Amino acid sequence: QQQVKQSPQSLIVQKGGISIINCAYENTAFDYFPWYQQFPGKGPALLIAIRPDVSEKKEGRFTISFNKSAKQFSLHIMDSQPGDSATYFCAARTTSGTYKYIFGTGTRLKVLA
Amino acid sequence: DTEVTQTPKHLVMGMTNKKSLKCEQHMGHRAMYWYKQKAKKPPELMFVYSYEKLSINESVPSRFSPECPNSSLLNLHLHALQPEDSALYLCASSRGENTEAFFGQGTRLTVV
């Protein structure tokens with residue numbers, strides 16, 4: 001089944017705290033897992049991405065943790081800032097023929113000043 | 001240049017109108033996508049073009065007609081839309097071996 005489940009639906013974090021967003025999938029034909037950040041009225045912007053042969057990837061304050069056996073991956077935002085307040089989507093790319101990105105349901109993050 | 005440019009940014013059209021959305025990228029990407037996004041929902045895939053050929057149509061109604069004139073351009077022709085088609089229409093592109101998909105800023109479409 002081509003579906004990506006994302007939680008929580010919304011998240012409120014104090015400035016300087018850690019924001020954690022989780023995603024899970026069932027289709028083993030996914031080969032690439034990007035995270036997108038979207039501000040209101042804008043298109044999604046690629047934040048960070050990981051392949052399933054890597055367990056963790058860090059870029060600045062953003063870290064993806066990947067658990068292939070559990071088919072789960074998560075985004076950690078360290079030292080969260082008010083400017084991080086946005087909607088975050090995890091996604092997974094299928095490998096069957098043409099590339100196709102399946103999105104999670106999204107997490108609305110609000111970082112309090 | 002990692003930019004996908006969409007025009008227009010906003011579009012209001014009547015149910016009997018014909019209009020087109022345009023998307024352009026100059027990153028040499030050979031896959032281009034149209035997504036539809038309703039408020040507070042994730043983007044939903046509509047069409048995928050690979051090497052200028054339509055490879056995926058996610059059972060989209062025929063009132064939406066995609067076109068890929070060349071490797072840099074992607075159009076979405078709109079005809080006889082319904083008010084429920086009002087949404088943010090997103091274009092994206094990717095190069096297979098690099099895997100990243102880049103999105104444009106979208107066209108906010110309102111059907112009246």
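Labels below follow one simple rule: chain letters A, B, ... track the order of the sequence lines, proteins then strands, and each chain is numbered from 1. All values reported here derive from a predicted model rather than from experimental measurement.
- Separation of atoms NZ (Lys100(A)) and OG (Ser94(B)) is listed at 14.0 Å; rounding is to 0.5 Å.
- For chain B, no part of Gln9(A) is nearby; none of its heavy atoms comes within less than 4.5 Å.
- For Tyr101(A), the parts sitting under 4.5 Å from any heavy atom of chain B are the backbone and the side chain alike.
- Note on Ser50(B), Ala92(B), Pro43(B): by heavy-atom pairs under 4.5 Å with chain A, the leading option is Pro43(B).
- When every heavy atom of Gln38(A) is checked against every heavy atom of Leu88(B), the shortest pair comes out as NE2-CD2, 4.0 Å.
- Contacts between Pro34(A) and chain B at a heavy-atom distance below 4.5 Å are absent for every atom of the residue.
- Heavy-atom distances place no part of Glu44(B) under 4.5 Å from chain A, backbone and side chain included.
- Residue Glu58(B) touches chain A through its side chain alone, counting heavy-atom pairs closer than 4.5 Å.
- Leu54(B) and Met46(B) end up in the same hydrophobic cluster when Ile, Leu, Val, Met, Phe, Trp and Tyr side chains are linked at under 4.5 Å.
- Using a 4.5 Å cut-off between side-chain heavy atoms of Ile, Leu, Val, Met, Phe, Trp and Tyr, with links allowed through other members, Leu47(A) and Val13(A) fall into the same hydrophobic cluster.
- Phe33(A) and Tyr88(A) fall within the same hydrophobic cluster, where Ile, Leu, Val, Met, Phe, Trp and Tyr residues are linked whenever their side-chain heavy atoms come under 4.5 Å apart, directly or through other members.
- Residues Lys41(B) and Phe89(A) share a closest heavy-atom pair of O-CZ, 3.7 Å.
- Within 6.0 Å of atom NZ in Lys71(A), more than 12 heavy atoms from other residues, nucleotides or ligands are found, so the atom counts as buried in its surroundings.
- Ranked by heavy-atom pairs under 4.5 Å with chain A, the list Pro42(B), Gly104(B), Cys91(B) is led by Pro42(B).
- We find the CD1-OG1 distance between Ile56(B) and Thr94(A) to be 6.0 Å, quoted to the nearest 0.5 Å.
- The number of heavy-atom neighbours closer than 6.0 Å to NZ of Lys68(A), taken from other residues, nucleotides and ligands shown, is 12 or below.
- Hydrophobic clustering, with ILVMFWY side chains joined whenever heavy atoms are under 4.5 angstrom apart, keeps Leu90(B) apart from Val111(B).
- Under a hydrophobic-cluster definition in which Ile, Leu, Val, Met, Phe, Trp and Tyr are linked whenever side-chain heavy atoms come within less than 4.5 Å, directly or via other members, Phe73(A) and Leu75(A) are assigned to the same cluster.
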